[in-house]
Amino acid sequence: MESLLEQIERGMLWQAPGGVHPPGHKELTEKADIFQLPLPEKLVIPIKQHIGVHGNVLVEKGQTVLKGQALTEPNQAWSVPVHAPTSGIIDSIEAMPSAHPSALEEISIVLIPDGKDTWCDLSPIADYKTLENQDIITKIQMAGISGMGGAGFPTYVKSQTDKNIEFLIVNGVECEPYITADDRLMQEYADEIIQGICVLSHVLKPEKILIAIEDDKPLAIKSMQKASESFSNILVKAIPTKYPSGGEKQLIQILTNKEVPARSIPADIGILVQNVGTLFAISEAIHKGKPLIERVVTVTGRTLNKPKNVWALIGSEVKHLLDNCDFVPEAQQRVIMGGPMMGFTLPSVRIPVVKTTNCILAPNQIELPVNDNEQACIRCSACADACPASLLPQQLQWFAKAKEFDKLEEHNLSDCIECGACNYVCPSEIPLVQYYRIAKAQIKEQKEEQQKAQRAKERFEIRNQRLEREKEERLNRHKKPAKPKTTEEQTKIAQAMAKVQSDKPEKSAVSAAIARAKAKKLQNENAEILPDNSEVAKQRAERKEKARLYREEKNKDSLNSEENEIEKTANNDKKSAVAAAIARAKAKKLAQQAQSNEASDVTKTDDPRKSAVAAAVARAKAKKLAKQAESQTSDDVNEPESTQVEDPRKAAVAAAVARAKAKKLAKQAESQTSDDVNEPESTQVEDPRKAAVAAAVARAKAKKLAKQAESQTSDDVNDSESTQVKDPRKAAVAAAVARAKAKKLAKQAESQTNDDVDEPESAQVEDPRKAAVAAAVARAKAKKLAKQAESQTNNDVNELEPESAQVEDPRKAAVAAAVARAKAKKLAKQAESQTNDDVNELEPESAQVEDPRKVAIAAAVARAKAKKLAKQAENKGSEAPNEDTNEKGNDE
Amino acid sequence: MMKASTQLNMSSSPHSHSQKTLSSMMMTVLLACIPGILVQTYFFGYGVIFQCIIAIITAAAAESIVLKLRKRPILSTLKDNSAILTGLLLALSIPPLAPWWIIVIGTLFAILVVKQLYGGLGFNLFNPAMAGYVLLLISFPVQMTSWLPVNSLQHYSLGFFEQFQVILTGFTSDGFSVNQLRMNLDGITMATPLDTLKTDITKGLTVTESLAGDVFNGFAGKGWFWVNLTFMFSGLYLIKAKIINWHIPVAMLATLAFCSILGPLFSPDIHAGPVFHLVSGATMLGAFFIATDPVSAATTNKGRLIYGALIGVLIYLIRAYGGYPDAIAFAVLLINMAVPLIDYYTKPRTYGHGEIQ
């Protein structure tokens with residue numbers, strides 16, 4: 001497998017895609033030697049003639065300068081100086097029309113030659129090989145050398161690349177029609193060019209140097225071959241004539257089959273390309289010390305009688321060149337600086353020749369007719385066939401016309417080298433390159449605007465944040481006073497407390513407790529006020545903010561009814577919120593008072609039960625208030641109970657509903673308990689007896705539940721009583737019996753509850769957790785009992801019916817009895833299962849249960865009681881004289 | 001010497017142009033059609049010339065009216081010869097003795113609706129000539145299938161003006177209708193070779209048996225063979241003149257040949273071979289003149305290959321299994337619809353992008 005180098009040495013050439021073959025017209029100027037022009041009357045030297053920045057101007061108006069004297073000096077990177085092309089006087093330094101398609105004015109130094117053409121002191125380098133690379137590069141820079149092929153890249157920047165260069169390509173292709181400047185240079189100054197190549201290759205040390213010349217310049221090829229004979233690593237390559245083979249990227253592809261990746265430079269792939277004119281200038285600078293002050297320009301076109309190549313001083317006006325070539329302008333004359341494919345028309349002939357000018361073309365209408373007959377694109381894709389960058393000019397044209405910039409970037413518009421090959425072949429004569437240039441400029445503009453908009457957005461956001469921060473600080477300022485008050489008051493209170501405690505140590509515990517309580521009351525009152533105040537104040541502040549915002553909105557938009565409504569609703573919200581807050585505050589107050597009372601009342605070990613009861617009472621009151629406050633809008637729970645029950649089935653349903661409510665209430669009571677349990681914890685006073693208090697509370701709730709159950713039961717009983725009774729007397733009797741039973745059950749439930757309540761009390765309340773567990777157990781039992789009472793009632797209700805019916809079959813009676821027994825058993829099982837459920841409920845409820853044994857014991861106790869109840873139920877069931885088959889079954 | 005005050009004209013680069021303009025391209029194509037027209041006249045009579053004349057006049061008139069309505073420059077737009085080319089291609093596709101109003105309707109539709117209504121030159125999605133042809137074929141099937149047999153087979157040959165009269169009136173001066181003219185000596189109405197083959201196959205004849213008929217010269221239709229050959233040479237000239245790219249014709253013909261080789265491999269008795277398909281009907285005209293219409297065809301070279309191949313496949317399928325004997329028009333129109341997708345997926349790789357160094 002051959003290496004690339006071997007392939008190249010063998011003579012292999014590749015092809016760049018696309019390309020066109022415009023007629024050359026080189027015969028006009030390729031024959032004669034380069035002509036030495038007389039000195040012009042005026043020289044206009046732009047201070048920037050390259051890609052980069054201009055240097056500092058060293059001269060001033062009226063100063064006499066010598067030929068080759070530096071007029072500017074470089075002051076930063078990418079800065080290349082300009083020199084005086086001849087000796088003379090600086091006439092002015094001002095903005096003059098530049099050698100650019102726009103002909104915008106750029107600062108130029110106007111020099112009036114004095115005709116003497118005196119050189120300044122030159123400092124040629126005898127042997128450049130003794131110099132450091134950097135010194136050579138500096139010399140190149142100070143000689144003012146930039147790319148002379150047309151782009152104007154600073155040569156010293158290109159030469160000081162730190163990348164490894166494999167191939168140095170010398171561009172003598174000159175693919176554009178009409179231009180023969182490089183052709184003549186290569187024919188006449190081949191040795192100097194080779195010397196320049198040697199200088200550069202000394203700096204870059206490439207592996208191979210390739211001189212590329214198109215095969216329509218046979219004399220130039222021969223000349224260069226002869227000059228490079230003795231150099232083994234210089235190879236002269238004749239490439240087929242095609243436009244645009246001379247483009248840097250295309251030339252690299254033709255010679256080495258490598259592609260320069262998008263948005264990178266040839267040095268990245270180890271290749272450097274230099275024009276022959278630039279290399280000639282390097283040779284002049286190093287070996288003769290001459291800066292870049294003149295160059296070969298082809299002056300051609302059929303409106304000139306004597307077209308030829310000339311040595312033009314940098315800064316000589318185009319008029320001077322044309323005059324020396326016998327220019328005969330015609331109507332609608334165009335003067336083009338550059339070739340016919342990439343050159344630009346000049347608005348006047350008073351434009352200076354710059355370092356990148358390689359041709360002045362003055363054509364007539366016959367050889368280069370003006371095309372202004374644009375038609376629709378017929379999608380023939382001749383343009384795509386001609387594009388050397390393999391773009392789709394047709395698509396680019398559609399998008400450029402439609403201003404679809406994102407599609408243009410997708411189709412790689414930025415890779416267009418504006419060679420004009422697509423434009424050349426388009427049958428519809430569409431000015432494609434013009435559209436692309438405009439599109440490129442518009443894309444650039446759009447990007448700049450986007451950046452500006454982005455920056456403006458960021459600034460706006462930062463400003464908004466700053467305003468918000470300031471607003472918050474303003475709001476917080478009025479909250480701050482609350483805190484110092486508290487701390488001051490608290491220290492006062494603490495002092496008072498200490499005083500109280502220290503002053504009366506001998507007095508009885510009760511009085512001590514009273515004193516303590518008073519102190520706490522003070523503290524709590526103060527504490528009450530302040531937290532309340534802070535909460536209300538917070539709300540007030542929020543409301544104020546809301547109001548402010550609403551007012552702002554109001555001011556922004558026109559006055560609408562909507563805004564008024566918003567304000568109204570806001571006010572309503574505020575009112576209800578205020579009312580709720582007040583209610584909550586009151587409740588809390590009461591709760592805290594109750595708590596404080598209880599705290600003050602409770603002594604250490606005297607009578608926990610009584611204190612607990614008192615606490616519970618207080619608690620209950622507080623809760624009641626709280627409930628009232630909270631349940632302003634909620635439906636009355638007792639409502640469904642008052643509905644008329646007409647059917648025993650409905651009675652069952654009602655019983656179930658009542659049960660559910662009881663459960664709910666119990667849960668509410670529980671939650672209240674837990675809230676209350678939490679509340680005392682949140683205050684500063686820690687009382688381990690709180691758990692006992694909670695237990696008492698639970699008991700109270702249980703009692704309540706039982707009472708409710710009783711009331712429900714009685715209701716149900718009463719309701720069922722109003723159902724169809726066949727035997728009114730018997731029904732009344734049965735009803736009374738049922739009532740009695742219900743009361744008994746309820747009392748039992750109560751007593752049970754009390755027993756249960758007493759149980760944990762009698763036990764040593766040492767562990768608050770145990771007490772909590774016991775409380776939970778009691779609660780569960782209470783629930784269960786309540787349920788049982790209900791179920792019993794239901795059963796009795798159900799039993800009422802058959803009682804009232806006539807017994808027809810004694811066998812049926814026996815069956816009914818058996819059924820009743822079964823029912824009782826079922827009840828017992830249910831009770832058990834309920835117990836189990838409650839036991840299961842116990843476990844998650846009492847999260848901190850450490851003694852499961854206690855739980856088990858409590859569960860066992862409950863079960864026993866349940867069985868007791870069940871037996872009682874059974875007995876009662878068997879007592880009933882006449883029992884019929886009960887189709888209803890159980891209540892559930 | 002030049003006066004300093006002389007005003008210079010400005011223009012944008014490039015200032016050079018290849019001078020291959022639209023009108024010159026279209027004119028080249030028009031001129032390339034002429035040999036085919038002459039051959040067709042020799043074999044099938046002068047009707048073709050009359051159809052072409054009527055088509056050109058109608059096309060020019062229709063385009064002028066529309067341009068006037070659109071307030072566009074008439075003469076410079078007409079100069080691009082695109083409307084005339086459309087009319088001519090349509091005239092070549094229809095039977096030579098079709099009534100005059102057939103070609104007028106078809107041309108009007110092609111220019112007014114398919115071309116100008118879509119935006120004019122360069123904006124039409126479908127090939128105007130083929131869209132006009134399909135409109136005529138579906139709307140007037142009888143007139144569109146009244147192809148004359150080869151002159152040698154006609155038992156009643158018509159003179160120059162008699163053919164013109166038939167086109168204008170539908171009857172010869174002696175009162176013969178077109179249908180009667182189509183009859184051969186045996187009194188059987190003659191159809192095109194493609195049509196004859198299709199009918200014979202449905203009748204139960206094999207391809208070989210059918211090809212032995214009068215209409216054929218052994219392997220292809222009499223007369224039609226020479227017409228196709230002439231169009232092929234004209235097309236090759238167009239490729240050489242860089243008016244059209246080789247991708248579409250080569251892809252289309254290659255695919256058609258390939259499919260028509262596969263067909264006989266499976267069942268030779270009901271599938272005709274590649275030679276038959278390539279020189280029958282309007283294959284060569286379609287490959288070089290119709291499918292290569294730049295506006296409605298794919299634009300990238302890869303896309304063109306796909307486009308041509310798809311048309312080839314469709315032509316074979318419709319000819320072998322479809323209801324119509326000749327399928328160029330349908331195939332082209334159907335694949336015109338796929339062109340935007342083909343273009344999207346066959347974009348070439350730009351220099352410097354996606355290259356693995």
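We name chains A, B, ... by the order of the sequence lines, and we start the count at 1 in each one.
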Under 4.5 Å heavy-atom distance to chain B, tell me which part of A/C377 shows up: side chain, backbone, both or neither.
-> backbone

Is the CD atom of A/E374 crowded by more than 12 outside heavy atoms at less than 6.0 Å?
-> yes

What one should report as the nearest heavy-atom pair of B/P294 and A/C380 is CB-CA, 3.9 Å

NZ/B/K242: more than 12 non-hydrogen atoms of other groups inside 6.0 Å = no

Taking it one step at a time, do A/L392 and B/K347 satisfy side chain to side chain contact (heavy atoms under 4.5 Å, CB included)?
-> CA-CA 8 Å; A/L392 286 173; B/K347 287 192 283 224; 3.8 Å; yes

A/E418 and B/S13: side chain to side chain contact (heavy atoms under 4.5 Å, CB included), yes or no, with the steps?
-> CA-CA 9 Å; A/E418 294 178 27; B/S13 75; over 6 Å; no

Is it the backbone or the side chain of A/I378 that comes under 4.5 Å from a heavy atom of chain B, or both, or neither?
-> both

Chain A contact via B/N245 - side chain, backbone, both or neither, heavy atoms under 4.5 Å | side chain

Derivation of the salt bridge (Lys or Arg N to Asp or Glu O under 4.0 Å) call for B/D343 and A/R379 = CA-CA 11 Å; B/D343 276 347; A/R379 296 155 50 87; 3.5 Å; yes

Kindly check if the number of other-residue, nucleotide or ligand heavy atoms within 6.0 Å of CD (A/Q15) is above 12?
-> no

Mind checking the CG-OG spacing from A/N371 to B/S12? Nearest 0.5 Å is all I need.
-> 11.5 Å

By a 4.5 Å heavy-atom criterion (distance strictly below it), what part of A/Q394 contacts chain B: side chain, backbone, both, or neither?
-> side chain

Which region of B/N124, side chain (C-beta onward) or backbone (N, CA, C, O), has a non-hydrogen atom less than 4.5 Å from a non-hydrogen atom of chain A, or is it both or neither?
-> neither

Go through the atoms of A/I336 and report whether side chain, backbone, both or neither lie under 4.5 Å from a heavy atom of chain B.
-> side chain

Taking side chain as C-beta onward, heavy atoms only, is B/H353 less than 4.5 Å from A/R263?
-> yes

Short side-chain to backbone donor-acceptor contact, B/Y351 and A/C416, under 3.5 Å | no

Side chain of A/T345, backbone of B/M10: donor and acceptor closer than 3.5 Å?
-> no

Side chain, backbone, both or neither: which part of A/D385 has a non-hydrogen atom closer than 4.5 Å to chain B?
-> side chain

Given that the side chain runs from C-beta out, which part of B/S24 has a heavy atom under 4.5 Å from chain A: side chain, backbone, both or neither?
-> neither

Sort A/A389 into side chain, backbone, both or neither according to what part of it lies under 4.5 angstrom from a heavy atom of chain B.
-> both

Heavy atoms of other groups near A/F344 CZ, more than 12 under 6.0 Å | yes

Heavy-atom closest contact (B/T299 atom, A/S381 atom, distance) = O-OG, 3.0 Å

Reference residue B/N9; test side-chain hydrogen bond (donor to acceptor under 3.5 Å, both in side chains); the match among A/E330, A/Q332, A/R334 = A/Q332

Is a donor on one side and an acceptor on the other found under 3.5 Å between the side chain of B/T350 and the backbone of A/N412?
-> no

Quick check: does any side chain N or O of B/S18 sit under 3.5 Å from a backbone N or O of A/Y424, one acting as donor and the other as acceptor?
-> yes

Run the numbers on A/C426 and B/K20 for side chain to side chain contact (heavy atoms under 4.5 Å, CB included), then give the verdict.
-> CA-CA 8 Å; A/C426 180; B/K20 188 169 83 175; over 6 Å; no

Can you name the closest pair of heavy atoms from A/N423 and B/H17 and give their distance?
-> O-CD2, 3.3 Å

Hey, does the side chain of A/E259 reach the backbone of B/G352 with a donor-acceptor pair shorter than 3.5 angstrom?
-> yes

So, do B/S16 and A/L368 sit near enough that their side-chain heavy atoms are less than 4.5 Å apart?
-> yes

Which one of A/A376, A/G343, A/P431, A/P22 has the most heavy-atom pairs closer than 4.5 Å to chain B?
-> A/G343

Over 12 foreign heavy atoms within 6.0 Å of CD1, A/I366 = no

Show your reasoning for whether side chain to side chain contact (heavy atoms under 4.5 Å, CB included) applies to B/H15 and A/M342.
-> CA-CA 8 Å; B/H15 312 282; A/M342 291 186 76; over 6 Å; no

Which atoms of A/M341 approach chain B - backbone, side chain, both or neither, heavy atom under 4.5 Å = both

Can you see which heavy atom on B/P14 is nearest to which on A/V433, and at what distance?
-> CD-CG2, 4.0 Å

Checking A/P369 against chain B: side chain, backbone, both or neither under 4.5 Å from a heavy atom?
-> both

